[in-house]
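In what follows, a single structure is set out as structure tokens and then discussed.
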Amino acid sequence: MAAKPRVKIPKSVAAGEVITIKTLVSHKMESGQRKDSDGNTIPRDIINRFEAKFNGEMVFSVDIDPAVSANPYIEFTTKVDEAGTFTLTWTDDAGEVIEYSQEVVLAG
Amino acid sequence: MNSPMIHGRRRLLGVSAGVAVAAFFGTLPRAFASVEDVDKAIAEFAGTGSVVEGGPLTLTTPEIAENGNSVPVSFSVDSPMSADDYIESVMIIATDNPSPDVATFHFTPASGVARASTRMRLAKTQDVLALARSSTGKLYRVGNNVKVTIGGCGG
């Protein structure tokens, strides 16, 4: 579907801190608006959903429409109260899922 | 009285001919979202609740987008983000794109702050709306006009 996502999550966090997570995934996000040189509409093919879970619980999600730019960039925040694992997933129109996980430890 | 009307009719004929030619070559101008499409998107998000202008919601977009294919958009909603009172969803609408929906962001108290950023495609100069809904049923709305020189919907 797309290339490996690039994700920035702080590795060490103070308990209760609100951290910013930046994500970028390569995907052409074909909107379904473009026509090829013969005048045929190029079919839609996009990532339509992003989810961020922490220790299995949903924190944040996005329903993505074709107006989101190619190589979708999504930045959001999470309040981290305990150590654990972030699991981020991107799902495309064909139902394929890209998953990215990262551990976070508590500082001090 | 007569001259402007005649000119108007000639101009209309000219435009119709242009559209016919464009249709023949298969390049009909792309349809853009109607007011009804935008109202429908807003109604689906807001339901029957009344929407307050501004309030704790801020929307950040450039005044002029250098490239309509990738326009940064971010928003923030001031909220306790507690279990009893947090922002559930924020929807971004491009009122003059072929389809108005851009993205809908869903938050939980674990979000800490109801804010997010992404990049969107804007087909042309238009108003971009953000709508926010809280878990207590409050609704907010902000609109920014974004000028676009090079449209970004695959043209």
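Letters A, B, ... are given to chains in the order of the sequence lines, protein chains preceding strands, and every chain is numbered from 1.
- When heavy atoms are compared at a cutoff of 4.5 Å, A:I46 does not approach chain B at all.
- If you take CD1 on B:I93 and CG on A:D65, they are separated by 10.0 Å, rounding to the nearest 0.5 Å.
- The hydrophobic cluster containing B:F75 also contains B:L122, counting ILVMFWY residues as joined when their side-chain heavy atoms lie under 4.5 angstrom apart, directly or transitively.
- Counting heavy atoms of neighbouring residues, nucleotides and ligands inside a 6.0 Å radius, atom CD of A:Q102 exceeds 12 of them.
- Around atom CZ of A:R6, no more than 12 heavy atoms belonging to other residues, nucleotides or ligands sit under 6.0 Å away.
- Among the candidates B:S70, B:A110, B:A116, the residue making the largest number of heavy-atom pairs closer than 4.5 Å to chain A is B:A110.
- Neither the backbone nor the side chain of A:A52 comes within contact range of chain B; no heavy atoms are under 4.5 Å apart.
- Residue B:T118 comes nearest to A:Y73 through the heavy atom pair OG1-O, 2.7 Å, listed as atom of the first residue, atom of the second, then distance.
- Interface residues of residues 37-48 of chain B toward chain A, defined by a heavy-atom distance below 4.5 Å: none.
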Do A:M29 and B:R121 pass the side chain to side chain contact (heavy atoms under 4.5 Å, CB included) test, and can you show the C-alpha distance, the side-chain angles, and the key distance before you say yes or no? CA-CA 11 Å; A:M29 297 291 282; B:R121 293 165 166 144; 3.8 Å; yes
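- By the rule that hydrophobic residues join a cluster once side-chain heavy atoms approach within less than 4.5 Å of another member, B:L59 and B:V52 end up as members of one cluster.
- Among residues 74-81 of chain A, the residues having any heavy atom closer than 4.5 Å to a heavy atom of chain B are, in sequence order, A:I74, A:E75, A:F76, A:T77, A:T78, A:K79.
- Residues passing the side-chain contact (heavy atoms from CB on, under 4.5 Å) test with A:N40 are A:D36, A:D38, sequence neighbours excluded.
- When the side chains of ILVMFWY residues are joined at heavy-atom separations under 4.5 Å, either directly or via intervening members, B:F105 and A:V59 end up in a single hydrophobic cluster.
- Transitive grouping of hydrophobic side chains (ILVMFWY, heavy atoms separated by less than 4.5 Å) keeps B:V142 and B:L139 in distinct clusters.
- The hydrophobic clustering, which links ILVMFWY residues whose side-chain heavy atoms are closer than 4.5 Å, places B:V146 and B:L57 together.
- Remark: B:E53 CD is packed, more than 12 non-hydrogen atoms of other residues, nucleotides or ligands lying under 6.0 Å away.
- Annotation: residues 13-23 of chain A contacts chain B through A:V18, A:T20 [non-hydrogen atoms, separation under 4.5 Å].
- Using a 4.5 Å cut-off between heavy atoms, B:V90 makes no contact with chain A at all.
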After noting the C-alpha distance and the side-chain angles of A:V68 and B:V102, does the key distance pass the side chain to side chain contact (heavy atoms under 4.5 Å, CB included) rule? CA-CA 6 Å; A:V68 168; B:V102 175; 4.2 Å; yes
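- Between B:D101 atom CG and A:D63 atom CG the span is 10.0 Å, to the nearest 0.5 Å.
- Using modelled atom types, one side-chain atom of A:S69 and one backbone atom of B:R119 make a donor-acceptor pair closer than 3.5 Å.
- For the options B:S89, B:S111, B:P100, heavy-atom pairs under 4.5 Å to chain A are most numerous at B:S111.
- Heavy-atom pairs under 4.5 Å with chain B peak, among A:P72, A:A70, A:A67, at A:A67.
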